[in-house]
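Structure first, then comments.
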Amino acid sequence: MTEYTVADLLADPGRAGERVTIEGWVRTRRDSKAGVSFVHVSDGSSPQPIQVVAPSDLDNYQSEIVELTSGCAVRAAGQLVESQGKGQALEIRAESVQVVGWVEDPETYPIQPKRHSMEYLREVAHLRPRTNLIGAVTRVRHTLAMAIHQFFHDRGFYWIHTPIITASDCEGAGEMFRVSTLDLANLPRTPGGEVDFSQDFFGREARLTVSGQLNVEAYCLAMSRVYTFGPTFRAENSNTRRHLAEFWMAEPEIAFADLQDDVDLAEAFLKSIVTRVLEERQDDMAFFDRWVDKGCISRLEKLASSQFERLRYGEVVERLRRSGRSFEFPVEWGADLQSEHERYLTEELVGRPVAVTDYPKSIKAFYMRQNDDGDTVAAMDILAPGIGEIIGGSQREERLDVLDARLAELGLPAEDYWWYRDLRRYGTVPHAGFGLGFERAMQYITGVDNIREVIPFPRAPNQAEF
RNA sequence: UCCGGCGUAGCUCAGAGGUAGAGCAGGUGGCUGUUAACCACCGGGUCGGCGGUUCGAAUCCGUCCGCCGGAGCCA
């Protein structure tokens, strides 16, 4: 491995004159019969490749260097010098260029130095990180993940590694993937003819988690400020640019806190992580701003500096009605907001993220805290222009009697929730939390349309090739 | 899952009943401190699969498969 990355070298003009080695993959090669070849080499560390100038008197010039094509892996050593040409400040005057790995058939190498469609690149997901776009996404994704951890760490939160496999069927947030070691071709049966899950690995039905929330609540009521950050799974047959079967979520949970604390946290959180990305990945953000979503930088700057609009669900319904706008789905108290409503609200009525609170209890989960009006719960969604719901959260029902009444109302067996109920029996406190869709945040930040481009290997219906 | 659209060269696309096209990529040669390089020439195709209509189908019809967009579910 080399001492410096391409990013290191390009970042510091003071290093000119040093003898350096870089390793990476060829983007383009141009020959000048005046006696040099220009080889752009990228190692993933920066949106810009470094230009390696290979003089024709190198031993392997004719035999190898002029044969280099996009995708070849090389190791180049030489002096870092100021460039004679335009387009880059520094370049490497090569004293050696070693070919580490050839491209087997340049004509069919899937990543060519040109624009490719996103759909095509998805078919070569193993090679697409070599493109400018996916490279930029990858660096921003890393930075965003680090920013999330940093935000929570700075505020005394503990990262809780909640389980991926859950044996309780009580999460209730959509279809779940089953986890089983049973022989599908020869399932054990109970006398009644049902599948006998007592013979399965966990001795009961097990699934992939749809949220770490219930588990993280347990740690919240001991550690006070906690969060989860990891993959979650939904087996919904969703075919949209905003859904994945496997995606990442960040879910903080705070004790001794109410819904306002929750919204405050969400707002500070979004502003912080966005600011961090803007600061640390100026180069990549400039790329997105230029090629993907013109204006995305100013949109993020605006988000970081302006106050979020806060509206109660009832107020939203009123304002949508009064707007005079006709919608495909009518706006009615008690019905969930449709995509078109959310869009109109965030993109036209308000023009920035909106925190909508206090939804009707009939359209929200059992664990959300009932308001005094009896009709609504202390829920909140943060809606962002362009992608809709980016954060969903609530104050949790901490009163055992109210929680039990709600479970009964929904026909959910209290015994399935025994340990969740225990948290209300032993030192219960008001607490709240929310979930941030990590890929949704990536979409919002980069302006990349399809969620399948902001995760390395997307999982969606009929999509698990890589 | 529902509605709509699209599958043509390695890639991006044009062609809409009558011999399969362009740009880029690749090869060869020329030119050049180049940078989406340029000029000339060359190779490259089961027109997504199957069936039908027709003298003749990439083109029209049916069906299946795949992908994309919107909706629903949600993050």
Side-chain angles (χ1 to χ4, degrees), chain A residues 27-41 48-56 66-67 69-71 81-88 91 93 103-124 127 131-132 172-175 210-213 231-251 291 327-329 336-340 342-343 363-365 381-384 387-393 434-444 449-452 454-455 460-463 465:
Chain A
R27 284 296 175 78
T28 59
R29 186 203 85 234
R30 292 173 298 277
D31 303 322
S32 164
K33 289 287 158 52
V36 289
S37 284
F38 301 94
V39 185
H40 279 184
V41 178
Q48 277 177 308
I50 195 162
Q51 176 158 278
V52 173
V53 184
S56 57
V66 297
E67 300 292 324
T69 56
S70 292
V81 296
E82 286 183 21
S83 178
Q84 295 171 34
K86 293 173 189 146
Q88 61 283 315
E91 64 192 18
R93 190 184 294 148
V103 164
E104 186 179 276
D105 178 5
E107 191 179 356
T108 56
Y109 177 59
I111 307 296
Q112 298 174 1
K114 56 165 288 186
R115 279 184 94 91
H116 292 288
S117 68
M118 302 291 173
E119 298 78 27
Y120 168 71
L121 290 173
R122 247 171 256 156
E123 295 170 14
V124 287
L127 296 172
T131 63
N132 290 331
E175 291 296 308
V210 294
S211 163
Q213 182 201 315
T232 50
F233 307 86
R234 303 280 163 90
E236 303 286 350
N237 189 10
S238 295
N239 290 284
T240 83
R241 61 184 185 85
R242 307 187 308 281
H243 290 86
L244 290 168
E246 177 182 311
F247 64 99
W248 282 55
M249 242 192 328
E251 299 175 287
W291 297 106
F327 297 102
E328 189 186 340
F329 294 89
D336 210 353
L337 298 177
Q338 300 287 320
S339 290
E340 56 174 343
E342 295 181 353
R343 275 205 174 155
I363 58 173
K364 289 294 181 183
D381 284 354
I382 291 180
L383 311 177
I387 39 164
E389 188 178 340
I390 190 171
I391 278 179
F434 63 81
L436 168 85
F438 185 61
E439 286 77 18
R440 293 256 175 105
M442 280 293 298
Q443 286 182 276
Y444 182 73
D449 279 334
N450 197 305
I451 199 166
R452 295 165 197 200
V454 297
I455 191 167
N462 285 312
Q463 199 160 51
E465 170 82 9

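Below, chain A is the first sequence line, B the second, and so on; all start at residue 1. As a basis for the values below, the full set of heavy atoms in this structure was taken, side chains included, without hydrogen atoms, waters or symmetry mates.
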Requested in this report: Calculate, to the nearest 0.5 Å, the distance between atoms CD and NE2 belonging to A:Glu123 and A:His116 respectively.
Outcome: 12.0 Å
If the cut-off is 4.0 Å, is [X] near the phosphate of [N], judged by side-chain N/O to OP1 or OP2?
X        : N      : answer
A:Arg452 : B:rC68 : yes
A:Arg30  : B:rA37 : yes
A:Arg242 : B:rA71 : yes
A:Ser238 : B:rC74 : no
A:Arg122 : B:rC68 : yes
A:Gln338 : B:rA71 : no

For [X], answer base if it contacts any base atom (sugar-phosphate contacts may also be present), sugar-phosphate if it contacts only those atoms, and nothing otherwise; contact means non-hydrogen atoms under 4.0 Å.
X        : answer
A:Ile390 : sugar-phosphate
A:Asp31  : base
A:Glu91  : base
A:Glu439 : nothing
A:Tyr120 : sugar-phosphate
A:Glu340 : nothing
A:Arg93  : nothing
A:Gln84  : base
A:Ser70  : nothing
A:Thr232 : nothing
A:Gln112 : base

Query raised in the report: A:Phe38 on top of B:rG33's base, within under 5.5 Å and under 30°?
Result: no
Query raised in the report: Quick one: which of B:rC68, B:rU34, B:rU1 gets closest to the side chain of A:Asn237?
Result: B:rU1
Requested in this report: Check every atom of B:rG69, B:rG33, B:rA75 against the side chain of A:Arg241 and return the nucleotide holding the closest atom.
Outcome: B:rG69
Requested in this report: Can you tell me the distance, in whole Å, between the CD atom of A:Glu123 and the P atom of B:rG66?
Outcome: 13 Å
Query raised in the report: Strictly by modelled atom types, are A:Gln463 and A:Arg122 linked by a side-chain donor-acceptor pair under 3.5 Å?
Result: no
Query raised in the report: Is any side-chain N or O of A:His116 under 3.5 Å from a base N or O of B:rC11, one able to act as donor and the other as acceptor?
Result: no
Report task. Classify the side chain of A:Asn239 versus the base of B:rU1 as yes if they form a donor-acceptor pair under 3.5 Å and no if they do not. Result -> yes
